[in-house]
Amino acid sequence: MRFGKTLRESIYPPWKDQYIDYSKLKVMLREDRREDEDVPWTEDDENRFCDEIFNVQLEKVARFQEKTVSTLKERAETAFDKLKDMAPSPSSSSPDDKDKDNKPKSDITTARLKELKAELDAITNEVKELKKYSSANYTGFLKIAKKHDRKRGDRYKVRPMMRVSLSQRGFNSEQAYSPLLTKLSLMYYAINQNLDEGEQRQPLDLDLENQQEVHNGERYTAHKFWIHTDNLLEVKTAILRHLPALVYTQQAGQEPDGNEDPKITSLYFDNSKFALYGRKVDRQVDASSLRLRWYGKLATKPDVVLEQKIVHENGISEEKKFHIKDKYIKQFIDGEYKMEKTVAKMERQGQTAEAIESFKATVGEIQDFIIKEKLEPVLRANYTRTAFQKPSDDRVRISIDTDIAFIREDTVDRDRPCRDPQEWHRRDIDNGNMSYPFKNINQSEVSRFPYALLEIKLKEEGGRKRPGWIEDLMASHLVHAAFRFSKFVHGVASLFEDYVNHLPLWLSDLETDIRKDPQMAHDAEEQRKAQQAEDAMVVGSFLGGAAAKAGSYKPATSSPVGKSYLSERAARDAREARASVPPTTVNGHGEQDVEEDGTGNGSAQRTYGTLSSVFPGFSLSRYSRAKRQRAQLPEGVTKPEVWLKNAGPLQVEPKVWLANERTFLKWQHICILLGSLAISLYTAAGENFLAECMGIAYIVIAVMAGGWGYVMLQRRRDMIVDRSGKDFDNMLGPLAVSAALILALVLNFVFSYRAAFAKLDADLFNKTEITFIGEFV
């Protein structure tokens, strides 16, 4: 379907004049007008087009979206205030306070609650329409910019500037809707619990932004984040302090030694109309995705798993999967093979009839789904996975995917298919053992994700709180929240933009720098938690008990993240950017004014929090060591007896020892040269006192050079053995030897110069005296 038709069908009638005028922009671009093909595209035409798309259309859509979001927030706050007025005061439950003016819970009439719920329904429906409005316009701007660059790109390109402008405007971003949706969900929860008092109350869930999954009958909450490459090492080190790295076996990882992080390949299915993608982006009920997944290289005959993930109406995702050999995949997709051999093997093994029937049902449902939807492989996702999990404990499961690449695997273009239609996978990649960054294939068929992907899965257990270090990591500046991120959706949006008419929410975030100032990230998270606790307190006033406790909140004494070598650069960039802003008001003493409550002093005295409060091993400064001694460790964390870097046997590469000895030999070479010069000078001095003194001076310098080389040899050897993190270089010795040599040479020159002139004066005096005496005689 062409995007123009999609845009017309998605228009919300009350806002029909506020959408992008896609037809007008196409006319200005002379799209689909053959009579204008020979008319040259001038600079005036380009200026008119850019002025229309950036200064007229983009401004119109941006202003309307900002105005609508502001209006919806005001309406939500008004509804929340009404809910506060209906809430009974905690003191009304006391027998001594029955005569006060507080409203008891019985006074909250059903009619008022239904009226408030109707208002929430109106706000929610308008939020949905605004999301569709934002998505349609976001896609429209990118589509028309791509048409411009394709038609006029030989001289002018506007797509990069358009992507940056859309990102700065906050178009199609999940961040703009999450706080509003969270507040609406809390109000719905409170109203529904009061209207349905006869039903059993569900626990109050404040985590409304992340997806729930079901694995083997167990429920997990999945949290997804992006990690900038500058922060990747810090995140891995933070996790390793609490969870061990999951070592894959050689059979599962198919790596040479079985200890490396495995390469994972996922092959996603869809049809020529990308129906599965469209349902998943629009978050339709029972939206499904289908993929083949294996570890390592396909040539090593790994276990291939066919997985179907279904997202139900309540937001919970469910997986159906089974193992299949690669030689049967094509037959299974075509409906010619129904896993009969696996069923027969299960019967020979004596498995229960229920297990066999369940397997048959899963196989039949997935095969019917493939045939009904006319699915075939369209996208390959390849990445390296690092997993963290305690053995035999699946309550916390963390994975980090790096080197993520998306590759076209489709046959959409029948004239130039990326994959042989008679095969289920690309043989040029699998037979050629290609790996990241896949430089040997057409680069237009590859999209590389610029960040690492962090996924935290927490097992749902009644009343069990999240570990504190998990909360601190998710709220830190090291990660960027990516709600409902999907590799399948992102890969299709990146590589098949011409074939789809809707783009995911997170796409605009790729144009921004996801690195954050540590203290600013901490302050924003503290403000969010305080607001969330305040909202939950109102809900708890209706429900009481455990729900009321959900609103408790204690502000952190310091930032949960701290100063690090890698974050300093991002923080310095942020400070330089803020330096361009006009300075704040200062008082008569030249000091910056702060708030009267004194809360500004802590943030004014230091820009960053200390990492020692959560991750005690990152800083080696005296301040951090002193703070670690008096700081109370989180619950379940004991003070380590041995540093993590010092654990295990000492393994030093020979080149490290040889480099230390080579440096020592260089110093001895300098010592021998200076010593030989000094001895030669002293021996040849004879009756020359100056030459003797300089010879002694050079001998002293030679001894200094030799002594310094030996001392540094021993010190660096101790640093290697102790696995010290200090720098090995030391500029004091070379500077001292150089300064001594320069001083000796200068003094030698001065004394020699004076001695030469004194001798010259004496010779002249003697000649003059002899001449005078001769004339006198």
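Values reported hereafter were calculated over all heavy atoms of this structure, with side chains retained and with hydrogens, waters and symmetry mates removed.
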Spacing of [X] atom [atom1] and [Y] atom [atom2] [to the nearest 0.5 Å]:
X: I400; Y: I227; atom1: CD1; atom2: CD1; value: 4.5 Å
X: N382; Y: I407; atom1: CG; atom2: CD1; value: 6.0 Å
X: L243; Y: K390; atom1: CG; atom2: NZ; value: 6.5 Å
X: L478; Y: K236; atom1: CG; atom2: NZ; value: 14.0 Å
X: K457; Y: I398; atom1: NZ; atom2: CD1; value: 12.0 Å
X: L473; Y: I456; atom1: CG; atom2: CD1; value: 5.0 Å

- Message: Among residues at least two apart in sequence or on other chains, which ones pass salt bridge (charged side-chain N to carboxylate O under 4.0 Å, His left out) with E471?
- Response: R466
- Message: Checking R716 now: which residues fulfil salt bridge (charged side-chain N to carboxylate O under 4.0 Å, His left out) with it, not counting sequence neighbours?
- Response: none
Go through the structure and list residues passing side-chain hydrogen bond (donor to acceptor under 3.5 Å, both in side chains) with [X], not counting sequence neighbours.
X: D718; result: none
X: K487; result: D401
X: Q668; result: none
X: N440; result: none

- Tell me, please, which residues at least two apart from L732 pass side-chain contact (heavy atoms from CB on, under 4.5 Å). W708, N730
- Task: With sequence neighbours excluded, tell me which residues meet side-chain contact (heavy atoms from CB on, under 4.5 Å) with A740.
- Result: I701
- Only one of Y383, F485, Y436 clears ring-ring contact (aromatic ring centres under 6.0 Å, His included) with F449; which? F485
- Message: Among residues at least two apart in sequence or on other chains, which ones pass ring pair (Phe, Tyr, Trp, His ring centres under 6.0 Å) with F664?
- Response: none
- Message: For F406, give me all partners under ring pair (Phe, Tyr, Trp, His ring centres under 6.0 Å), at least two apart in sequence or on another chain.
- Response: H490
- Trace of the side chain to side chain contact (heavy atoms under 4.5 Å, CB included) decision for V746 with V750: CA-CA 6 Å; V746 170; V750 171; 4.3 Å; yes
- Message: Walk me through whether K516 and H480 qualify under side chain to side chain contact (heavy atoms under 4.5 Å, CB included).
- Response: CA-CA 9 Å; K516 310 171 188 175; H480 174 80; 4.2 Å; yes
- Query: Looking only at heavy atoms, which two atoms of N433 and A299 are closest? And how far apart?
  - Reply: OD1-CB, 4.2 Å
- Query: Minimum heavy-atom separation for V479 to M474, with atom names?
  - Reply: CG2-O, 3.8 Å
- Message: Checking L673 against L677 for the side chain to side chain contact (heavy atoms under 4.5 Å, CB included) test, could you report, in this order, the C-alpha distance in whole Å, the side-chain angles of both residues, the deciding distance, and whether it holds?
- Response: CA-CA 6 Å; L673 287 178; L677 174 64; over 6 Å; no
- Task: May I have all residue pairs that pass salt bridge (Lys or Arg N to Asp or Glu O under 4.0 Å) and include part of residues 663-678, sequence neighbours excluded?
- Result: none
- Item | Sequence neighbours excluded, every pair satisfying salt bridge (Lys or Arg N to Asp or Glu O under 4.0 Å) that has a member inside residues 436-453 | R426-E445
- Query: Quick one: does W469's side chain get under 4.5 Å of R241's, heavy atoms only?
  - Reply: no
- Side-chain heavy-atom pair W226, L453 within 4.5 angstrom cut-off: yes
